[in-house]
Amino acid sequence: MQFSVIFEAQLADPTVEREHQVIRDSVEQAVLAERMGFDRVWAVEHHSLKWYAHMSAPEVFLTWVAAKTTTIRIGHGVVCMPFNFNHPARVAERAAMLDLLSGGRLDLGAGRGGTEQETSLCGVDRGRTAREVEEALRIIGRAWQEEELEYHGELIDIAPHPILPRPRQTPHPPLFLACSRAETLTRAAELGVGALVMGFAGPESIALMRAAYDTARAARTPDCFVSTAVNDHFSVLCPTIVLDDREEARRVGTRGQRFFAQSIGHWYGGAGIPDEAVVAGADEAAEMRRAAEQAVALLHEQRIPVRPSATATFNADHAYGTADDAIAHVERLRDAGADEIMCLIQMGTVPQEACLETLRQWGEKVIPHFRASEGASR
């Protein structure tokens, strides 16, 4: 079992000053994560998604983090792989440079960045994003294993060119794909890349997603792999706030997740602007239920089918509470098939002090529990 922290750089009340501070706070959290025994930090790439994600240049953020750390792995995930966001050859160059400078600590994930807000910024054809992501992964896998990259595909042609520098890891850093649906998980397994899975729906849903991934792994053939280096790592998102005060942790965590759900709903589902105000003493569980009901009503109004995944971000049954509560939840995720727990701590309304304390509690109590149990089983 591995443990990581993921950064969206979410921001309530996004003034310039607060935006600058949240980026600096994220760096502080990433550096502390190494000291607390986490295996990896992940940083996303999104564009123009005010409130939800101000992490528009994760390659710069992660380079800064890599320079301030020595052992923790650097998860560049996900890179928006459609060509108008990032040309595949440029992704390969930047990723190799970061892998080299970090001493071979890089993991590279691919995603679509498929919101209308993002694609309209860079002129991305939304109808081609899935195909461009897959083709980009094939190009990147090839770029790092051949003297010169030459690619003639359905969507892009690249004449022979050397791709420089070469990464530190051989043949290249592990590759991942962001997965939120069963069909994406199936395709990730077929391509031979790891899965970065949204875990909001809970352990039961994760077990079904793991089963879909494993079924596809069992049936796949090597001719579909994007690289000779196959990665079958299954990483699961886990929202968490851990404090000595159980009720305070649940209140802070649920409030943060509600902001997350509302802000992602704003850009992905046309919902209203997220509720930025933090009201002292509010019944956050009730507010979460009310926000979920509003999301369902909006979907009905827009004649969009209400699937279980559509409201999963409003499910507040996560690792909120004491360290013992977090351990119990992680045990459920482990039993569901998670190879890695990606801790989502930095949510838009969560104070920096709560983020840092959560990292400490995980490092001092949660992670050692699983390290000890793994050692005993060996």
Side-chain angles (χ1 to χ4, degrees), residues 1-6 38-40 42 75 77-78 107 109 111 174 176-220 230-242 249-250 253-254 257 260-261 288 307-345 347 358 361-362 365-378:
M1 176 78 72
Q2 294 184 359
F3 299 90
S4 60
V5 186
I6 186 167
F38 283 84
D39 299 285
R40 185 180 286 104
W42 291 98
V78 297
D107 296 281
F176 290 81
L177 182 64
C179 301
S180 58
R181 303 186 309 276
E183 53 266 35
T184 316
L185 281 159
T186 296
R187 195 57 180 158
E190 291 170 345
L191 298 176
V193 300
L196 301 174
V197 180
M198 295 281 273
F200 283 105
E204 294 77 14
S205 175
I206 292 300
L208 294 174
M209 298 174 84
R210 179 72 204 221
Y213 187 70
D214 287 344
T215 298
R217 285 173 58 201
R220 69 190 179 189
V230 175
N231 176 29
D232 291 331
H233 193 74
F234 193 83
S235 187
V236 174
L237 191 75
C238 175
T240 179
I241 296 294
V242 175
R250 288 177 175 171
T254 303
Q257 187 185 331
F260 182 106
M288 182 74 95
R307 301 184 179 92
S309 60
T311 57
T313 53
F314 292 96
N315 168 41
D317 181 16
H318 296 298
Y320 302 139
T322 64
D324 287 340
D325 296 322
I327 288 169
H329 188 77
V330 172
E331 286 176 340
R332 294 170 65 200
L333 293 175
R334 177 198 59 194
D335 295 344
D339 296 321
E340 176 181 341
I341 306 299
M342 287 189 295
C343 293
L344 176 63
I345 300 169
M347 296 175 281
T358 297
Q361 294 265 356
W362 274 74
K365 300 174 184 178
V366 181
I367 295 175
H369 170 87
F370 290 95
R371 297 281 191 256
S373 63
E374 289 168 1
S377 64
R378 285 196 296 270

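Nothing here was measured: the structure is a model prediction, and the numbers come from that model.
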F200 and F260 aromatic ring geometry - parallel, tilted or perpendicular at 30°/60° bounds: tilted

Contact summary for T358 and T240, nearest pair of heavy atoms: CG2-O, 4.0 Å

Note, H369 side chain near V330 side chain (heavy atom, < 4.5 Å): no

Side chain to side chain contact (heavy atoms under 4.5 Å, CB included) between I367 and F38, intermediate numbers included: CA-CA 8 Å; I367 295 175; F38 283 84; 4.0 Å; yes

Reported CD1-to-CG distance for the pair I341 and L237, which is rounded to 0.5 angstrom: 9.5 Å

H233 NE2 to E340 CD distance, which is reported to the nearest 0.5 Å: 4.0 Å

Step-by-step side chain to side chain contact (heavy atoms under 4.5 Å, CB included) determination, D107 to W42: CA-CA 9 Å; D107 296 281; W42 291 98; 3.9 Å; yes

NZ or CZ of R334 within 45° of F370 ring axis and under 6.0 Å: no

Exam field: side chain Q257 to backbone N315, donor-acceptor pair closer than 3.5 Å: yes

Candidate pair D39 and S4, rule side chain to side chain contact (heavy atoms under 4.5 Å, CB included), full reasoning: CA-CA 6 Å; D39 299 285; S4 60; 5.8 Å; no

Working for salt bridge (Lys or Arg N to Asp or Glu O under 4.0 Å), residues D339 and R40: CA-CA 13 Å; D339 296 321; R40 185 180 286 104; over 6 Å; no

Heavy-atom closest contact (M347 atom, I241 atom, distance): CE-CG1, 4.5 Å

Minimal non-hydrogen separation, K365 against I327, with atom names: O-CD1, 4.0 Å

Pairwise distance CE(M209) to CD(E204) - rounded to 0.5 angstrom: 13.5 Å

Shortest non-hydrogen contact between A188 and G194, atoms and distance: CB-O, 4.4 Å

Close side-chain approach of F176 to N231, heavy-atom, < 4.5 Å: yes

Exam field: side chain D325 to backbone T322, donor-acceptor pair closer than 3.5 Å: yes

Over all atoms of both residues, closest heavy-atom pair of Y213 and D232: OH-CA, 3.4 Å

Nearest heavy atoms of I206 and A336, plus distance in Å: CG2-CB, 3.8 Å

Plane angle bin for H318 and H329 - parallel if under 30°, tilted between 30 and 60°, otherwise perpendicular: perpendicular

Ionic contact status for R210 with D335, cut-off 4.0 Å: no

N/O donor-acceptor pair under 3.5 Å between T184 side chain and S180 backbone: no

Gap separating the CE atom of M342 from the CE atom of M198, nearest 0.5 angstrom: 8.5 Å

